[in-house]
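Input: a single structure, listed below in structure tokens.
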2 protein chains.
Amino acid sequence: MTVTLADVAARARVSPATVSRVLNGNYPVAASTRERVLRAVDDLDYVLNGPASSLAAATSDLVGILVNDIADPFFGIMAGAAQTQIGGPGDGSGRAGGEKLAVICNTGGSPERELTYLTLLQRQRAAAVVLTGGAVENEAHQAAISAKLARLADAGTRIVFCGRPPLSDGNALVAALAFDNRGGGRRLTEHLVALGHRRIGYVAGPPDRTTTRHRLEGHREALRGAGIEAEPGDSGAGDPGAGYQERLTVHGPYDRRSGYEATLEILRRAPDVTAIAAANDTVALGACAAVRDRGLRIPQDISVAGFDDLPFSVDAVPALTTVRLPLFEAGARAGRIAMGKENPPPGGIATIAAELMIRGSTAPPRAV
Amino acid sequence: MTVTLADVAARARVSPATVSRVLNGNYPVAASTRERVLRAVDDLDYVLNGPASSLAAATSDLVGILVNDIADPFFGIMAGAAQTQIGGPGDGSGRAGGEKLAVICNTGGSPERELTYLTLLQRQRAAAVVLTGGAVENEAHQAAISAKLARLADAGTRIVFCGRPPLSDGNALVAALAFDNRGGGRRLTEHLVALGHRRIGYVAGPPDRTTTRHRLEGHREALRGAGIEAEPGDSGAGDPGAGYQERLTVHGPYDRRSGYEATLEILRRAPDVTAIAAANDTVALGACAAVRDRGLRIPQDISVAGFDDLPFSVDAVPALTTVRLPLFEAGARAGRIAMGKENPPPGGIATIAAELMIRGSTAPPRAV
DNA sequence: CTGTTAGCGCGTTCAG
DNA sequence: CTGAACGCGCTAACAG
């Protein structure tokens with residue numbers, strides 16, 4: 001029923017080996033022969049059997065791209081960018097030549113699913129794997145992932161991190177493009193402090209993520225630098241032992257709803273905050289909604305800032321002050337490294353700068 | 001170097017066939033034997049060779065999900081939802097049992113790349129393919145796609161459309177979940193008309209997309225129903241032969257920038273419009289920005305409406321009136337159909353309702 | 001319930 | 001430059 005290499009060979013009056021050689025193109029074949037073969041391919045509408053080919057060659061043309069949440073443009077942009085470098089433009093014939101099949105796998109942020117996908121990719125003998133976004137900070141999982149990646153690399157799969165810090169165990173088989181989340185977080189809060197803010201709420205991401213931790217650390221660093229850290233809350237409210245900044249930090253998932261609720265909570269705990277920094281733009285949007293629903297104006301009553309500079313942030317009203325991450329560029333670069341089109345950064349690790357984008361959602365606090 | 005099924009068999013003191021049977025789970029095996037085999041698998045850290053398995057079984061566990069633009073949450077949400085139904089939750093071991101590998105392929109809206117991906121998926125002997133979003137309306141491409149899909153279906157690949165109208169040639173091998181774009185577009189404009197708007201600008205999507213056409217047709221239908229269609233523009237401006245509504249419609253890509261520029265253009269052509277309907281929410285955001293940059297207020301001076309009800313629309317200020325599409329539900333259902341967990345709709349085609357969401361961005365026009 | 005026997009369709013030697 | 005033979009690792013009949 002299905003047409004095989006042998007059928008093509010028969011029609012082109014050559015041996016199967018010759019057909020294979022034309023198709024893979026990495027072997028000298030007489031022009032006239034190649035012509036005949038290609039005609040036969042088209043005539044018969046032949047499509048290479050991927051599994052058979054991969055089995056014989058011991059490699060496949062699959063490249064995996066792992067993301068935490070594909071519905072989030074943060075990942076969509078990186079993954080799409082990586083795919084542009086991997087999928088190849090095609091030759092327009094739909095015949096599919098040497099292209100790789102770049103495939104995006106949605107882990108939902110679950111380390112188990114991440115491992116499962118890696119195994120699936122390993123099973124397919126993937127040519128490369130790109131892991132995007134922050135990692136979960138759990139020693140057992142980190143170790144499991146690291147071991148799995150080592151085995152993949154061992155089998156010839158190229159591994160690239162994108163927007164993800166290098167493995168803590170210093171696995172050198174992996175090229176890593178890490179975002180400067182800490183620096184970005186620091187500069188953002190420094191900006192707020194420079195405006196005159198002293199009481200700044202922070203809506204953090206899920207507690208066990210590297211991204212969350214780094215951004216929060218940057219925030220705290222800036223506060224400390226301004227001598228704000230130790231400032232006590234009005235004693236009598238909140239946990240006695242908890243510092244003011246601790247009370248002003250609320251963790252939650254990276255979504256709008258979390259930003260909304262965390263902001264209400266912060267406003268409840270400390271009605272005198274003059275600014276809210278959010279872990280990312282999506283969360284910031286929720287924060288804005290909460291601020292407005294409480295009858296407060298942005299930025300006159302409260303400043304709000306985000307992180308990532310996703311496309312919609314400029315359309316918030318007022319436009320969101322945020323930290324720009326070059327998601328597309330980073331994704332594309334990761335894709336190129338995965339394809340071997342570009343060399344990994346020296347030392348295997350590159351830190352990608354984060355740029356402060358000052359817009360309308362932040363302003364000096366009301367006169368105290 | 002790499003451990004094979006035979007190695008596992010040797011260690012478990014059974015035949016390769018038995019190992020295969022416990023791994024695939026679809027054949028009776030004594031509990032004690034299975035136990036031994038699984039232990040051997042873990043001991044040896046064995047990972048099934050996907051290509052070999054696919055070759056022998058003549059099917060793979062790959063499921064493709066084609067999207068036009070993965071950076072757009074419209075597709076991200078559907079694709080992510082589909083993947084939840086396909087990837088399976090995993091058993092937490094990272095060992096990867098019978099799960100399918102759901103992979104997202106980004107076509108960039110290009111029919112060539114769509115074809116290429118289909119070929120790649122065909123080459124991999126994919127178990128199923130889900131095509132999401134509007135199709136390009138070009139007869140040659142439609143025919144090519146249809147032929148390719150027929151061949152895929154023929155080889156046992158299940159095909160599901162999600163948010164995409166059925167093939168015009170009535171290819172019955174495909175299950176289609178189509179959005180009621182026309183009905184949604186109609187109801188949206190009816191809402192504007194009911195508010196009292198008569199001069200309504202329309203920012204349409206790319207001209208050759210089914211989604212674009214259907215939404216625009218719904219819009220025109222509503223105008224016609226209200227007897228607005230024939231209303232002439234002030235003669236002397238614009239193409240002599242063009243009707244008023246034609247002049248008020250500007251096409252462009254489904255992105256923010258296009259919404260911005262198209263809206264400026266509409267405002268230039270017809271400064272007296274009182275409402276702008278956009279082809280989708282992203283475009284509507286750009287339209288809002290343009291309206292504001294022209295010094296006009298929403299909705300007092302101009303009403304703006306979107307389409308899709310993406311998560312951020314409720315956070316626009318004022319919140320965006322739009323048409324809600326159940327993207328997640330549709331994606332999940334498509335995923336289930338692709339997996340054979342749910343039967344295709346009767347006749348192979350289901351139309352999914354679109355719900356009008358009235359929010360703050362639309363209001364009656366200023367007193368005329 | 002388990003072992004044995006054949007291929008699945010292709011890439012890659014090795015000769016010519 | 002081309003053809004013939006072999007085997008990649010696994011599943012699917014068959015037997016037992």
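The chains referred to below are lettered A, B, ... by the order of the sequence lines, with proteins before strands, and numbering in each begins at 1. This is a predicted model, so every value here is computed, not measured.
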Separation of atom [atom1] in [X] from atom [atom2] in [N], rounded to whole Å:
X: B/Arg34; N: C/dC1; atom1: CZ; atom2: P; value: 11 Å
X: B/Arg125; N: C/dC8; atom1: CZ; atom2: C1'; value: 11 Å
X: B/Asn24; N: C/dT2; atom1: CG; atom2: P; value: 15 Å
X: B/Leu55; N: C/dC8; atom1: CG; atom2: P; value: 9 Å
X: B/Asp61; N: D/dT11; atom1: CG; atom2: C1'; value: 14 Å
X: A/Glu35; N: D/dC1; atom1: CD; atom2: C1'; value: 17 Å
X: A/Leu5; N: D/dC8; atom1: CG; atom2: P; value: 19 Å
X: A/Arg13; N: D/dG3; atom1: CZ; atom2: P; value: 11 Å

More 5' along DNA chain C: B/Pro28 or B/Ala56, using each one's nearest nucleotide?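 The answer here is B/Pro28.
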Heavy atoms under 4.0 Å, any strand shown: does A/Val19 hit a base, just sugar-phosphate, or nothing?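 Answer is nothing: A/Val19 stays at 4.0 Å or more from every strand.
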May I ask you to say what A/Ala17 touches in the nucleic acid, namely base, sugar-phosphate or nothing, with a heavy-atom cut-off under 4.0 Å?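 Base: the residue A/Ala17, judged by heavy atoms under 4.0 Å, touches a nucleobase.
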B/Thr2, nearest nucleotide to its side chain (from D/dG9, D/dT11, C/dT2):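 Comparing D/dG9, D/dT11, C/dT2 against the side chain of B/Thr2, the answer is D/dG9.
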OP1 or OP2 of [N] under 4.0 Å from side-chain N/O of [X]:
X: A/Asn49; N: C/dC8; result: no
X: B/Ser54; N: C/dC8; result: no
X: B/Ser20; N: D/dT11; result: yes

When you match A/Thr18 and B/Ser53 each to their closest nucleotide on DNA chain D, which lands nearer the 5' end?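 Result of the comparison: A/Thr18.
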4.5 Å side-chain heavy-atom contact, A/Ile145 and A/Leu115: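 Contact flag for A/Ile145/A/Leu115 side chains = yes.
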Using salt bridge (Lys or Arg N to Asp or Glu O under 4.0 Å) as the criterion, list what pairs up with B/Arg151, not counting sequence neighbours.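 Checked B/Arg151 against salt bridge (Lys or Arg N to Asp or Glu O under 4.0 Å); matches are A/Asp45.
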Is any side-chain N or O of B/Arg21 under 3.5 Å from a base N or O of C/dG3, one able to act as donor and the other as acceptor?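 Yes, a donor-acceptor pair under 3.5 Å.
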Using only atom types and a distance under 3.5 Å, with no angle test, would you say the side chain of B/Thr132 pairs donor to acceptor with the backbone of B/Leu66?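 Indeed, once roles are kept as given, a pair shorter than 3.5 Å links the two residues.
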Could you pull out the closest heavy-atom pair between A/Ala9 and A/Ser15, with the gap in Å?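 The answer is CB-C, 3.7 Å.
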Picking from B/Glu112, B/Glu114, B/Arg113, what satisfies side chain to side chain donor-acceptor pair (under 3.5 Å) with B/Ser110?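 Only match with B/Ser110 under side chain to side chain donor-acceptor pair (under 3.5 Å): B/Glu112.
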